[in-house]
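In what follows, every chain begins at residue 1, and chains take the letters A, B, ... in the order their sequences are listed. Not measured: the values here are computed from a predicted model.
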Amino acid sequence: MGQFNEQVYEVVKQIPPGRVASYGQVARMIGRPRNARFVGFALHSNPQPGIIPCHRVVFKDGSLAPGFAFGGPEAQRALLEQEGIQFLDDGRVDMEQCCWEVY
DNA sequence: GTCCTGACGAGTA
DNA sequence: GTACTCGCCAGGA
């Protein structure tokens, strides 16, 4: 595996509870602003169970991929709600309040 | 070994 | 405002 995936995991692992990050944001953090695609692909390809909170990585819009792998979008929504993430009426994450800020 | 596809995002037409 | 294309890397067939 290339370091790209490792970097992705490293960043995603650092997302604190109650916060979400977009694929593009993660991609930008690892120095690959155009690799947002592969951020999601990396998580899909090699999700370390219990280490990588994939559910905290969402679209820039705040919504998730159509074919999620947790067991349905409902499962993810439940997980995010448990962490205190607020959902909009559209069923999207409130990126305005929950977007992960890098220190 | 080569070709194709894949959890995105931003720009252009 | 909507639709389409390009960019980028890695893994599977």
(message) From CD of A:Gln48 over to C1' of B:dA7, roughly how many Å is that when rounded to an integer?
(response) 16 Å
(message) As a test of reading the structure: which of B:dA7, B:dG6, C:dC9 is closest to the side chain of A:Phe59, going by heavy atoms?
(response) B:dA7
(message) What is the distance, to the nearest angstrom, from the CD1 atom on A:Ile30 to the C1' atom on C:dC9?
(response) 10 Å
(request) Return the minimal non-hydrogen interatomic distance between A:Trp100 and A:Arg19, and the atom names on each side. (result) CA-CD, 3.8 Å
(message) Quick check: on DNA chain C, is the nucleotide nearest A:Gln3 upstream (toward 5') of the one nearest A:Ala36, or the reverse? Name the residue that is more 5'.
(response) A:Ala36
(request) Figure out the OH/C1' separation between A:Tyr23 and C:dG7, and round it to whole Å. (result) 19 Å
(message) Please compare A:Arg28 and A:Phe41 by the position of their nearest nucleotide in DNA chain B and report the one closer to 5'.
(response) A:Phe41
(message) Can you say whether a donor on the side chain of A:Arg37 sits under 3.5 Å from an acceptor on the base of C:dG7, or the other way round?
(response) yes
(message) Nearest heavy atom decides the nucleotide; on that basis, is A:Ser45 or A:Arg34 closer to the 5' end of DNA chain C?
(response) A:Arg34
(message) I want to verify a distance call: between B:dA7, B:dG9, C:dG7, whose nearest atom is closest to the A:Lys60 side chain?
(response) B:dG9
(message) If I take atom CZ in residue A:Arg32 and atom P in nucleotide C:dC6, what distance separates them, rounded to the nearest angstrom?
(response) 22 Å
(message) Check whether A:Asp61 reaches the backbone of A:Ser63 with its side chain - one donor and one acceptor, N or O, closer than 3.5 Å.
(response) no
(request) Between C:dA10, B:dA7, C:dG7, spot the one nearest the side chain of A:Asn5, thanks. (result) C:dA10
(request) Rounded off to whole Å, could you give me the CG-to-C1' distance for the A:Asn46 and C:dC9 pair? (result) 14 Å
(message) Using whole Å, what does the distance between atom P of nucleotide C:dA10 and atom NE2 of A:His44 come to?
(response) 17 Å
(message) With heavy-atom distances below 4.5 Å as the criterion, would you say the side chains of A:Pro53 and A:Val12 are in contact?
(response) yes
(message) Salt bridge check, A:Arg56 against A:Glu83: does any charged N sit closer than 4.0 Å to a carboxylate O?
(response) yes
(request) Mind calculating the distance between CZ (A:Phe4) and C1' (C:dG7) to the nearest angstrom? (result) 12 Å
(message) I'd like to know if the side chain of A:Tyr9 reaches the main chain of A:Asn46, judged simply by a donor and an acceptor atom lying under 3.5 Å from each other, with no hydrogens or angles considered.
(response) yes
(request) Rounded off to whole Å, could you give me the CG-to-P distance for the A:Asn35 and B:dA10 pair? (result) 13 Å
